[in-house]
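Along the sequence shown, residues are numbered consecutively beginning with 1. For ligands, and for the atoms within them, numbers begin at 1 and follow the listed sequence.
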Amino acid sequence: MTTVGILGGGQLARMLALSGAPLGLRFRILDTVADACAGQFAPLIVGDYRDESALAEFASQVDVATFDFENVPAESAQWLSARIPVFPNPRALGIAQDRLAEKTLFRGLGIPVPDFADVADRAGLDAAVAAIGTPCILKTRRLGYDGKGQFRIKSPGDVEAAWDALGAQAATVGLILEAFVPFERELSVVAVRGRDGEFRAWPLTENWHVDGVLSASLAPARVDAGMAERAYAHARALAEALDYVGVFALELFCRDGMLLANELAPRVHNSGHWTIEGSETSQFQNHLRAVLGLSLGDTRMVGHACMLNWIGTMPEASGVLREPGGHWHDYGKEPRAGRKVGHATLRADTPAELAEALTRVGATLGREAQVAPVVAVLAT
Ligand code: AMP
């Protein structure tokens, strides 16, 4: 009997546990809250990630540990890795937690990135804005996600407001200034690397965000083979440099045929949820196979897939369930503004069929605006 421990008990841990059931796996989850939604499927230990007694209890019950949440303190990951195997390794986690370390690594590996500068204080922000120019984005180096901890500086007149909003965090989580990329599209590579170094990637995914939160994903992204190869090469170089084990996502901006790396998510990723029904092996199953040292499954996809995120509240399911390729995922969470509460995946054999299904679902659920950009791309 193998037990996989997961730090963080949100929907990613929940879907990991669901995909591990056919492999006969058991799970233990450590989360800070008692109603973490993965706790509906696996025993939950409630405790702070820095609490050594909670970590010790967790470590004593699992064979291997992994994450559904990348902001687990690096010291806790380190503490655990002295006792049990932890994948991805704490160094990879630590780099992915810090936008400055991450972008510095990308650049060192020859992966193009938007211009960026470390911002230590108010004078540093002025210097960085002067060097990078406007528009640009001030971000917290650590603990930001889904567009949180970010301030867009459209012109030099916004610098004061940006500092008012985030300046206090320069001394705690650090700040980074990045050039604003007027991208044509956002793409992600979701990939997996096994304990033996085997690397596989799912077809490239195109993503749409609303207010910094993922709204829809389409796979395969409609890009030429050359661009897809470049994206895979970047992902592979990163995985090898970090000796990464497990699934990760590399988020990319596409502009004028160029790919610029935005960030590395050291875990299964929202832009890979379509793999559950759209691919031979889902990201969740392959993550578990990777951390357990099992053979990786085929990442080939079957047809075309679109994932729609449900944020805040779940819509009515029937419009998706009546679609032949419609799949419903309710995370069992309480509705709350801005919270990811579920998703749907639509799968079809052709782009035209997928566009028709999306149009129907958009109209039935009153989500026309959410499906519109995907339908537009499928029509090209
Ligand atoms: P992040 O938390 O860095 O993934 O940012 C969330 C979203 O904000 C991204 O998916 C983009 O839509 C947008 N964004 C972040 N950084 C930039 C940038 N440098 N240029 C343009 N848009 C950005």
Side-chain angles (χ1 to χ4, degrees), residues 10 12 69-71 93 95-107 111-119 125 128-129 131-155 158-159 162 165-166 169 173-190 204-219 221 231 234-235 238 248-273 307-309 311 338-340 343 369-370 373-374 377:
L12 302 180
F69 174 61
E70 70 260 45
N71 288 322
L93 190 74
I95 289 177
Q97 284 173 348
D98 179 354
R99 292 184 191 273
L100 184 68
E102 184 177 76
K103 289 218 161 55
T104 305
L105 174 68
F106 293 165
R107 192 175 263 172
I111 302 172
V113 285
D115 266 351
F116 65 90
D118 187 14
V119 172
L125 177 59
V129 172
I132 288 174
T134 54
C136 52
I137 307 191
L138 183 64
K139 299 183 179 180
T140 55
R141 275 174 57 178
R142 293 173 221 276
L143 299 177
Y145 65 99
D146 284 347
K148 295 183 178 68
Q150 301 191 6
F151 194 100
R152 292 194 184 191
I153 300 175
K154 297 195 183 81
S155 67
D158 295 337
V159 170
L166 297 176
Q169 300 189 55
V173 291
L175 298 174
I176 181 173
L177 189 77
E178 294 178 13
F180 180 83
V181 182
F183 53 78
E184 286 119 28
R185 50 217 300 216
E186 290 192 77
L187 303 170
S188 59
V189 196
V190 180
L204 223 58
T205 303
E206 177 159 7
N207 303 307
W208 288 266
H209 293 80
V210 175
D211 298 331
V213 183
L214 187 66
S215 169
S217 293
L218 171 70
H234 294 336
L238 258 178
F248 65 97
L250 175 61
E251 296 179 11
L252 301 158
F253 298 136
C254 177
R255 166 138 177 94
D256 292 338
M258 282 258 300
L259 289 176
L260 298 171
N262 177 35
E263 68 175 345
L264 165 71
R267 51 172 168 75
V268 286
H269 192 249
N270 200 166
S271 71
H273 289 0
M307 190 264 344
L308 299 170
N309 250 0
I311 311 289
R339 194 177 208 197
K340 292 177 178 172
H343 76 266
Q370 189 173 2
V374 190
V377 163

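- Near Glu263, the atoms of ligand 1 lying under 4.0 angstrom from a non-hydrogen atom of the residue are 1 (P), 2 (O), 3 (O), 4 (O).
- At a 4.0 Å heavy-atom cut-off, ligand 1 touches Ala179 through the backbone alone.
- Taking a cut-off of under 4.0 Å to the non-hydrogen atoms of His209, the atoms of ligand 1 that pass are 10 (O).
- The distance from ligand 1 to the heavy atoms of Ile137 drops below 4.0 Å at these ligand atoms: 16 (N), 17 (C), 18 (C), 23 (C).
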- Task: Apply side-chain contact (heavy atoms from CB on, under 4.5 Å) to Glu178 and Asn262, showing your working.
- Result: CA-CA 10 Å; Glu178 294 178 13; Asn262 177 35; 4.2 Å; yes

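- Side chains of Asn207 and Ser217: a donor on one and an acceptor on the other come within 3.5 Å.
- Residue Arg255 does not touch ligand 1, judged by heavy-atom distances below 4.0 Å.
- In this structure, CD in Gln150 is found 9.0 Å from CG in Leu166, a value given to the nearest 0.5 Å.
- Per-residue contacts place Glu251 under 4.0 angstrom from the following atoms of ligand 1 (heavy atoms of the residue considered): 4 (O).
- Listed by atom number, the atoms of ligand 1 under 4.0 Å from Glu178 heavy atoms are 16 (N), 19 (N).
- Not one N or O on the side chain of Lys154 forms a donor-acceptor pair closer than 3.5 Å with the backbone of Cys136.
- For ligand 1, one of its N or O atoms has an N or O atom of Val181 under 3.5 Å away.
- With contacts defined as side-chain heavy-atom distances shorter than 4.5 Å, the pair Leu12/Phe69 does not qualify.
- Side-chain contact between Glu102 and Leu105 is absent, with no heavy atoms from C-beta onward closer than 4.5 Å.
- Distances below 4.0 Å separate heavy atoms of Glu186 from the following atoms of ligand 1: 9 (C), 10 (O), 11 (C), 12 (O).
- In this structure, the side chains of Lys340 and Val213 come closer than 4.5 Å at one or more pairs of heavy atoms.
- Which parts of ligand 1 touch Lys139 is read off a 4.0 Å heavy-atom cut-off, strictly below it: atoms 3 (O), 15 (C), 16 (N).
- Using cut-offs of 30° and 60° for the angle between ring planes, the Phe183 and Phe253 rings count as parallel.
- Using a 4.0 Å cut-off between heavy atoms, Asn207 makes no contact with ligand 1 at all.
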